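This report refers to the structure that appears directly beneath it.
What's counted below: heavy atoms across the whole structure, side chains too, no hydrogens, waters or symmetry copies. These numbers were taken from a predicted model, which means no experiment stands behind them.
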Amino acid sequence: MPGPQRFTDRDASLRFIASMQADPATATAYVGTLEEGLETELEDLDQDWMDTLRVCLDSDGSITGAVLLEWDDEVGMSWIHGPWCTPDTWGRDAVDLLRAAVEQAPVGRHEIYADLSNTRLADLAADQGWRGGTAHCVMRVSREAAAQADGSVRPVRPGDLDAVRALHEAAFPGAYATARQLVDGDQGYRTLVADSSPGSSDGKVVGFIAGQEDDGDIYLDFLAVDPAHRRQGVARRLIGALAAHLPGKDMTLTVADTSEAALALYDALGWERTATTRGYRWPA
């Protein structure tokens with residue numbers, strides 16, 4: 001059959017992607033695993049997912065492989081969802097699907113992300129020259145357990161941009177969102193900051209946290225604290241305040257499995273480790 005092509009059957013596409021996402025060994029880590037929630041997440045992507053979707057079909061028109069993507073011009077990065085293939089078509093179609101995604105993106109850097117159990121995606125990335133990053137632990141805690149209002153934490157203001165940028169770029173170089181996007185909130189982020197002297201004009205921003213609603217949960221995207229103010233409970237207060245500000249059943253995050261201090265913090269706060277993932281970037 002011909003290689004990757006456009007496809008207009010939305011329901012069939014959603015069913016196929018959901019079937020792949022149901023198993024960590026074939027799923028990618030950017031979107032969920034249940035069909036109902038998956039559709040909502042796909043609709044929230046920066047680009048229309050049906051416009052970027054490319055599929056491979058068998059002789060009766062059934063989907064045997066799929067890929068789609070989104071990108072951010074300001075960050076200069078694309079995030080590829082997939083490729084997903086049936087077991088007997090992976091060797092034939094996975095490379096072409098990955099290339100079909102990259103060719104659509106008007107940016108120069110690309111990332112795919114998956115659970116470590118998705119070994120065939122890891123092999124594909126290595127074979128195509130993509131660079132594997134540090135493994136990350138996926139962690140979860142109930143919002144009820146985490147939520148705690150705190151007067152030293154407040155919503156970010158435009159005047160905080162320089163302080164947030166300094167913290168953000170030091171902690172998360174090359175991240176998938178810029179400090180401006182976190183402060184402006186134009187990408188759906190809720191960003192809070194901790195002041196050294198709450199209520200005083202002499203205080204400075206000593207930490208920030210940014211998260212968003214994610215399919216009924218709260219996803220914690222970024223948390224950074226000034227080194228001079230660590231081990232003073234700032235991170236705990238920021239987490240509690242974000243949980244109090246956003247609705248959701250649970251809070252989730254990913255943290256590098258080499259970040260012993262961060263893992264110790266989340267362990268101490270009662271977060272549960274639920275999976276381990278790795279990202280792969282190109283150019284390497």
Side-chain angles (χ1 to χ4, degrees), residues 1 4-5 7-45 47-58 60-70 78-98 100-101 111-125 130 132 135-142 212-220 248-254 257 271-280:
M1 296 298 291
Q5 57 192 279
F7 196 59
T8 59
D9 190 331
R10 187 184 189 91
D11 291 339
S13 301
L14 187 61
R15 286 194 300 272
F16 178 79
I17 294 171
S19 71
M20 295 289 103
Q21 286 296 107
D23 183 352
T26 56
T28 58
Y30 294 127
V31 292
T33 60
L34 301 178
E35 186 169 339
E36 181 179 359
L38 176 62
E39 183 174 20
T40 300
E41 291 182 83
L42 294 179
E43 289 174 351
D44 286 342
L45 298 182
Q47 287 74 37
D48 186 323
W49 70 277
M50 287 297 295
D51 284 347
T52 68
L53 176 70
R54 298 294 183 269
V55 304
C56 293
L57 304 172
D58 66 11
D60 68 0
S62 298
I63 301 174
T64 59
V67 71
L68 57 99
L69 75 156
E70 63 178 324
S78 84
W79 298 273
I80 295 174
H81 305 270
W84 301 284
C85 293
T86 57
D88 56 338
T89 61
W90 177 267
R92 184 190 70 194
D93 295 331
V95 171
D96 289 341
L97 285 165
L98 182 61
E111 184 176 82
I112 49 180
Y113 206 70
D115 191 280
L116 293 188
S117 63
N118 193 339
T119 56
R120 66 183 191 178
L121 186 64
D123 292 342
L124 173 67
W130 292 54
H136 281 67
C137 295
V138 181
M139 307 190 75
R140 178 179 294 269
V141 72
S142 74
Q212 57 190 308
E213 296 179 49
D214 180 26
D215 193 24
D217 288 333
I218 302 168
Y219 186 76
L220 197 169
K249 178 184 176 184
D250 294 332
M251 296 186 75
T252 63
L253 59 80
T254 62
D257 69 354
W271 291 64
E272 176 189 3
R273 305 186 193 194
T274 61
T276 306
T277 58
R278 190 187 305 277
Y280 308 89

So do the side chains of Trp49 and Arg10 get within less than 4.5 Å of each other, counting heavy atoms only? yes
Does a side-chain heavy-atom distance below 4.5 Å link Leu42 with Met50? no
Calculate, to the nearest 0.5 Å, the distance between atoms OG1 and CG belonging to Thr28 and Leu121 respectively. 8.0 Å
Whether Thr52 side chain and Leu69 backbone form a donor-acceptor pair below 3.5 Å: yes
Please report the closest heavy-atom contact between Leu53 and Ala66, naming both atoms and the distance. CD1-CB, 4.1 Å
Tyr30 vs Glu111 side-chain heavy atoms within contact, under 4.5 Å: yes
Nearest heavy atoms of Tyr280 and Gly132, plus distance in Å: CD2-CA, 3.6 Å
Would a 4.5 Å heavy-atom cut-off, applied to side chains only, mark Glu41 and Asp214 as touching? yes
Between CG of Asp115 and OG1 of Thr276, what distance do you get to the nearest 0.5 Å? 7.0 Å
To the nearest 0.5 Å, tell me how far Arg140 CZ sits from Glu272 CD. 8.5 Å
Does the side-chain contact (heavy atoms from CB on, under 4.5 Å) test come out yes or no for Leu124 and Ile112, once each step is laid out? CA-CA 11 Å; Leu124 173 67; Ile112 49 180; 5.5 Å; no
Thr277 meets the side chain to side chain contact (heavy atoms under 4.5 Å, CB included) criterion, sequence neighbours left out, with Ala29, Tyr113, His136, Val138
Taking it one step at a time, do Ser19 and Phe16 satisfy side-chain contact (heavy atoms from CB on, under 4.5 Å)? CA-CA 5 Å; Ser19 71; Phe16 178 79; 4.3 Å; yes
Would you mind writing out the side-chain donor-acceptor pairs for residues 80-87 within the sub-3.5 Å range, not counting sequence neighbours?
{"unit_1": "Trp84", "atom_1": "NE1", "unit_2": "Gln21", "atom_2": "OE1", "d": "2.8"}
{"unit_1": "Thr86", "atom_1": "OG1", "unit_2": "Asp88", "atom_2": "OD1", "d": "2.9"}
{"unit_1": "Thr86", "atom_1": "OG1", "unit_2": "Thr89", "atom_2": "OG1", "d": "2.7"}

Start with the C-alpha distance between Leu97 and Trp90, add both sets of side-chain angles, then the distance that settles side-chain contact (heavy atoms from CB on, under 4.5 Å), and finish with yes or no. CA-CA 10 Å; Leu97 285 165; Trp90 177 267; over 6 Å; no
Step by step, work out the side-chain contact (heavy atoms from CB on, under 4.5 Å) result for Arg120 and Thr26. CA-CA 8 Å; Arg120 66 183 191 178; Thr26 56; 3.7 Å; yes
Any side-chain heavy-atom pair from Ile63 and Ser13 closer than 4.5 angstrom? yes
Quick one: does any side-chain atom of Asp217 pair with a main-chain N or O of Asp250 as donor and acceptor, under 3.5 Å? yes
